[in-house]
2 protein chains.
Amino acid sequence: MSQTDTVSRILDAAEILFAERGFTETSLRTITSTAGVNLAAVNYHFGSKKELIQAVFERFLTPFTQALAVELDRRVATGEPLTVEDLLSSIYQVAIGSLVKRGRDPQRFMRLLGLAYTQYQGHLRRFIVSRYGDSYRRFAGLLAQALPGLDPVTFYWRLYFMLGATIFTLSSFDAIEAILREDFGAESSLQETLERLVPAASAMLKVNG
Amino acid sequence: MSQTDTVSRILDAAEILFAERGFTETSLRTITSTAGVNLAAVNYHFGSKKELIQAVFERFLTPFTQALAVELDRRVATGEPLTVEDLLSSIYQVAIGSLVKRGRDPQRFMRLLGLAYTQYQGHLRRFIVSRYGDSYRRFAGLLAQALPGLDPVTFYWRLYFMLGATIFTLSSFDAIEAILREDFGAESSLQETLERLVPAASAMLKVNG
DNA sequence: CATCATTTAAAACAACTGTTTGGTTTTGCC
DNA sequence: GGCAAAACCAAACAGTTGTTTTAAATGATG
């Protein structure tokens, strides 16, 4: 088994199991056995469990933020002012696109993002902020420009409301979809849900008062 | 030390520690030592760690849902139609009121609610749904009545958007508030944040399209 | 005061955790 | 083909986990 193979098998297994159960609820033995590699391989290749967790996030956040930067560059270059709806659908489509392209499951990453926010893992928060804080600030800045006249504190609270609605809903997408399918017989795709989320979140950001 | 004293000391400590770190990250030894009771007391009084977790939720969800029922009864009895804003501010005020009255920290319960949604604890989800599902459905029904003409599937997705925005934001209230205070020097109370949340969430629920 | 169930205490339990060790196999390169 | 470096493996390590056991203390009741 080649090195890159072992490393990516570990990352694949860890990504799935972390998203399902959380970090502390997933042992290295579960990861290595589902990956079909030796227990010691994690510490050999990544150093520690903490660093494995960070590597899982790095593997999907780096291509995502790069694709987002490209998309934002493209839109800014047109010279046309960016609306709130433009920005939201941009970031959602980039999120889906940059993952589907690699044959990965977008909902899983929403679950991981949700975990990063809610779980008790100080090192992970620090890692993400230091590594991807610039991307976040650029997007937030463009969004603020699309909402002139809104005072900064109100804007930032609403930005968190929007983040909460997005991450929370999409990280539980499968569960919510199953409930609605049972109660109304109506299937919802991730794409459709994002199309519902864009106008709803935009209205929340734009409302006066 | 009397029995009720020991029981409530355990619940107090567990509530704080669970909200801070999560369930698996909090050991029974940490709980019992901060509570100043013996380790075996948890298994003696509650049976298991799972049942302790459920007891923590029961202790704050039961008074909350009871107070909510009283408040909804009161508002329905006036005969006036309930607006979305009415319902949201009702539930927020009841949440704060029913807790502050008991000298408990409202943000802690938002954190616990967030954990109940995001953590990998199937038994807790089942416990909450079976115990408090009726309260949830009544509130959702009244909210749907306040939004006539909205198709059910769209309504429920937006309800989840709203839940996500609320739980996610308020469970991280301290962290977000600290960031905004540092960046803008503006302090935000929980009360003020709820007053921002009501119109924002209402706009999200009511928007056309 | 004696009796009995309730409650606490300390210790031990078996299972599981992340990590390290020492040795073996495989790989890439001269 | 030989050799050093990288990769892998099984085993053991030390520490923590939830839970149970055994014995001592407590407190109410006759």
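Below, chains carry the letters A, B, ... as their sequence lines are ordered, and counting in each starts from 1. Heavy atoms only: backbone and side chains are in, while hydrogens, waters and symmetry mates are out.
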Taken to the nearest whole Å, CZ/B/Arg21 to C1'/D/dT17 is 15 Å

Practice item. Taking the six-membered ring for Trp and the single ring otherwise, decide whether the centroids of B/Phe184 and A/Tyr156 are under 6.0 Å apart. Key: yes

Between CZ of A/Arg9 and C1' of D/dA7 the distance, given in whole Å, is 15 Å

### Task
Could you tell me whether A/Asp105 and A/Arg111 make a salt bridge, using a distance below 4.0 angstrom between a side-chain N and a carboxylate O?
no

Self-check item: Carboxylate-amine/guanidinium proximity below 4.0 Å for A/Asp12 and A/Arg59
Solution: yes

Angle class for the B/Phe173/A/Trp157 ring planes (parallel below 30°, perpendicular above 60°, tilted otherwise)?
parallel

When rounded to whole Å, the NE2 to C1' distance for the pair B/His45 and D/dT19 reads 16 Å

Query raised in the report: Is there a side-chain contact between A/Arg158 and A/Leu147, using heavy atoms and a 4.5 Å cut-off?
Result: no

Nucleotide by nucleotide, nucleotides 17-24 of chain C touches protein heavy atoms under 4.0 Å in the pattern (B base, S sugar-phosphate only, - none) BBBB----

Open item on the list: Ring centres under 6.0 Å, that's the criterion: do A/Tyr117 and B/Phe168 meet it?
Closed with: yes

Students should find that the end-to-end axis angle of the helix from C/dC1-D/dG30 to C/dC30-D/dG1, with five pairs defining each axis and rounding to 10 degrees, is 0°

Using a strict threshold of under 4.0 Å (side-chain N to carboxylate O), is an ion pair present between B/Arg75 and B/Glu71?
yes

To the nearest angstrom, the CG-P distance between B/Asn38 and C/dT8 comes to 8 Å

Separation of D/dG18 atom C1' from B/Phe18 atom CZ, nearest Å, is 12 Å

B/Leu52 atom CG is separated from D/dT17 atom P, nearest whole Å, by 15 Å

**Asked** Within less than 4.0 Å of OP1 or OP2 of D/dA7, is there a side-chain N or O belonging to A/Thr6?
**Response** no

Below 30° counts as parallel, above 60° as perpendicular, anything between as tilted: where do the rings of B/Phe60 and B/Phe109 land?
tilted

